[in-house]
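Heads up, the thing below is written out as structure tokens.
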There are 2 protein chains.
Amino acid sequence: MSGVSDSCFINKLDHYLQLTEREKLDLLVLEESPQVYEAGTVLYAEDKDEADALYIVQSGRLHASTVLADGGRALLKLHFAGDIVGTSNIPFTTAISTVTVVREARLCRFPRSSLTTLFEVHPRLAALFYSVGMLENVSLTDRLRSIGRTDGLSRIGSLLLEITSRLRVTNKDFGNEVELHMTQADIGDAVGLTHVHVNRMLRELADQGLIERTGSTVTILDEDRLREVAHFTERYHRIETDWFPAAKE
Amino acid sequence: MSGVSDSCFINKLDHYLQLTEREKLDLLVLEESPQVYEAGTVLYAEDKDEADALYIVQSGRLHASTVLADGGRALLKLHFAGDIVGTSNIPFTTAISTVTVVREARLCRFPRSSLTTLFEVHPRLAALFYSVGMLENVSLTDRLRSIGRTDGLSRIGSLLLEITSRLRVTNKDFGNEVELHMTQADIGDAVGLTHVHVNRMLRELADQGLIERTGSTVTILDEDRLREVAHFTERYHRIETDWFPAAKE
DNA sequence: CGAACCTTTGAAGTGACTCAATGCGTGTGG
DNA sequence: CCACACGCATTGAGTCACTTCAAAGGTTCG
């Protein structure tokens, strides 16, 4: 039987909120044991698969994408350790985007039925789910602003900063060296540019001394200046928990 | 004292879910009586005002915007009757966008503390709030795709269809004539184009016989073809409620 | 009747795209 | 162990969607 340390939730939820023993134990029952998914695995496919569960990321990388009419692709979300994947399917029966494992990941499946119990028994955890979902909402509006209203250089800078920023949530001693696990075409699909232009903008960022590149690893050399270029606002430090219902002991 | 018909929730929540008497009564206590806000009113300002309440829209129009480094503006969300405004502030203490009343609106304030009670006492309604929030996330990813990966004509078409689609949620007998309540500059800020180009794309849509314009009212002449041009997917019909906890009678 | 705001149109400039070719690294089958 | 294929990064050149700048026409309102 799996111990508490095997839970997919402990990392991130515990970061935002000190979970009680009762909460931890109940979560262990509600979520399934972590399973390993290799890179390339499709968790569910847009407009095709039933979306009857969330997945909590213990480690690894995933992304949500959608196919365009012209055969192109858009990357809608990036998912890191601690993220809850699949929340936007909650109001639907069929998956509204395709979720792909980008880098070998350990995931806990969290069936819809567990969500029912969670909301019934643990209002405080339900509030936390709600907050985390709204955090995703904010991340989306930030990208909307970046993609809709800034040039290529800013968009790429913004993406780099968002990735580092989110990795730091679960990894405090994270430096300024990021392995992107994305091709330049992926980056383009995420920020709304072609891979050719992504290449030129990455070079430009490097030429300006803001970043350094080695393969698909990026080192941020001047984070302050990059933040200015990208008009980036940090948002993932903490969440407001004052209004949360009391925990079940 | 205000009757049930005065509640800001009945319209939309009742559309998705048959509320019980107990739920309706409790909601009436939790939400404040509707108040009228005239066009131009700023509910709260980005990075400035405390965000200690949600607002439920009974009637009228609002939008959420953010100011850019270069003085520009991005419209992040449009809010219609039945919407819950301010959810993205839930994880924060300070407002993360500016919410402005676009057209005289009747709003019910829903303080954060009411949210606490809602999650404690009415898990089913909490689930509904969660679902509605996730629906907003989906709307954002749809716009992300539209803005990041399609041309001006599609973006405008997509916006027009989203507006009509969302107005239909609370107004079944809504035709194909939409009063936008947006200037062409507003539209540009919403879809990531300049007002000049918005003008040309609107003309183009009209020239192609897809729409007809009178002032800021748009009549959709060929909705099927417009959907093709815009690559639009309808999403606001209904939400999945099977997993919701049982209602408190 | 003028001011303010919005829409519309023209003309020129540019950021990003498309097309195309080259190089590079890695894995694989002969 | 080499040859080749394949995916990815890089670079150049030409083109285009959208921008910027500028000005004129409409509408509303005090």
Side-chain angles (χ1 to χ4, degrees), chain A residues 38-40 68-75 100 102-103 146-160 179-208 211-218 229-231, chain B residues 38-40 68-75 100 102-103 146-160 179-208 211-218 229-231:
Chain A
E38 66 179 9
L68 302 156
D70 63 2
R73 188 185 59 158
L75 288 195
T100 310
V102 172
R103 204 183 173 221
S146 173
I147 293 174
R149 280 276 171 245
T150 71
D151 63 17
L153 204 66
S154 299
R155 295 190 210 175
I156 305 274
S158 194
L159 180 73
L160 295 178
E179 166 56 43
L180 295 180
H181 298 300
M182 296 173 88
T183 66
Q184 292 179 4
D186 291 337
I187 298 175
D189 288 340
V191 302
L193 297 172
T194 59
H195 70 105
V196 175
H197 203 59
V198 168
N199 182 283
R200 293 196 235 267
M201 292 302 100
L202 281 172
R203 154 179 285 288
E204 175 67 20
L205 286 173
D207 286 351
Q208 291 190 17
I211 63 169
E212 202 172 72
R213 297 181 296 150
T214 320
S216 83
T217 298
V218 169
V229 168
H231 315 302
Chain B
E38 68 180 8
L68 303 155
D70 64 2
R73 188 185 59 158
L75 288 195
T100 311
V102 171
R103 204 183 173 221
S146 172
I147 293 173
R149 281 272 170 245
T150 72
D151 63 16
L153 205 66
S154 299
R155 295 189 210 175
I156 305 275
S158 192
L159 182 74
L160 296 178
E179 168 57 44
L180 295 181
H181 298 299
M182 296 173 88
T183 66
Q184 293 179 1
D186 289 336
I187 297 175
D189 288 340
V191 301
L193 297 172
T194 59
H195 71 105
V196 176
H197 203 61
V198 168
N199 183 282
R200 292 196 235 266
M201 292 300 100
L202 282 172
R203 155 178 285 287
E204 174 68 19
L205 286 173
D207 286 351
Q208 292 190 16
I211 64 169
E212 202 171 71
R213 297 180 296 148
T214 320
S216 81
T217 298
V218 169
V229 168
H231 314 300

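Note: hydrogens, waters and symmetry copies are ignored here, and every other heavy atom, side chains too, is used. We name chains A, B, ... by the order of the sequence lines, and we start the count at 1 in each one.
- In this structure, A/E204 atom CD and D/dT11 atom P are separated by 13 Å, rounded to whole Å.
- Distance B/M201 CE to D/dC16 P: 15 Å, rounded to the nearest Å.
- Within residues 146-154 of chain A, no residue has a heavy atom under 4.0 Å from DNA chain D.
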Check: Which letter, B, S or -, goes with each nucleotide of nucleotides 22-30 of chain D from 5' to 3', with contact meaning a protein heavy atom under 4.0 Å?
Finding: ---------

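- A heavy-atom distance below 4.5 Å is found between the side chains of B/L205 and B/L160.
- Contact detail for A/L202 and A/I211: the closest heavy-atom pair is O-CD1, 3.9 Å.
- More than 12 heavy atoms of other shown residues, nucleotides or ligands fall within 6.0 angstrom of atom CZ in A/R213.
- To the nearest 0.5 Å, atoms CG (A/L153) and NE2 (A/H197) are separated by 8.5 Å.
- The distance from atom CD1 of B/I147 to atom OG of A/S146, rounded to the nearest 0.5 Å, is 11.5 Å.
- Listed pair A/R213 / D/dA9 fails the phosphate criterion, with no side-chain N or O lying under 4.0 Å from OP1 or OP2.
- Annotation: salt bridge (Lys or Arg N to Asp or Glu O under 4.0 Å) contacts involving residues 184-205 of chain B, sequence neighbours excluded, comprise A/R149-B/D189, B/R73-B/D186, B/R73-B/D189, B/R203-B/D207.
- A heavy-atom distance below 4.0 Å to DNA chain D is reached by these residues of residues 182-189 of chain A, ordered by number: A/T183, A/Q184.
- Under the 4.5 Å side-chain criterion, counting only non-hydrogen atoms from C-beta, A/T217 is not in contact with A/L180.
- Scanning all heavy atoms of the two residues, the minimum distance from B/S158 to B/A230 falls at N-CB, 3.4 Å.
- Here chain B contacts DNA chain C (any atom closer than 4.0 Å to a heavy atom, that is under 4.0 Å), and the contacts span C/dC6 to C/dA11 from 5' to 3'.
- The closest side-chain heavy-atom distance from A/S154 to A/H231 is below 4.5 Å.
- Comparing the helix axis at one end of the helix from C/dC1-D/dG30 to C/dG30-D/dC1 with that at the other, each defined from 5 consecutive pairs, gives an inter-axis angle of 30° (nearest 10°).
- Residue B/V198 is tested with B/L159, B/T183, B/L193 for a side-chain contact (heavy atoms from CB on, under 4.5 Å); the sole match is B/L193.
- Within the model, atoms OG1 of B/T150 and CG of A/D70 stand 9.5 Å from one another, a figure rounded to the nearest 0.5 Å.
- Straight-line distance from the CG atom of A/L202 to the P atom of D/dT11: 12 Å, rounded to whole Å.
- In this structure, A/H197 and B/R203 both approach DNA chain C, and ranking their closest nucleotides by distance from the 5' end singles out B/R203.
- Separating the CE atom in B/M182 from the CD1 atom in B/I187 is a distance of 5.5 Å, to the nearest 0.5 Å.
- Interatomic distance, A/R103 CZ to A/H181 NE2, rounded to the nearest 0.5 Å: 3.5 Å.
- Among B/D151, B/V196, B/I156, the single residue meeting the side-chain contact (heavy atoms from CB on, under 4.5 Å) criterion with B/M201 is B/I156.
- Using a 4.0 Å heavy-atom criterion, one finds that A/R200 contacts the bases of the nucleic acid, with or without backbone contacts as well.
- Residues A/V102 and A/A39 approach most closely at O-CB, 3.5 Å, considering heavy atoms.
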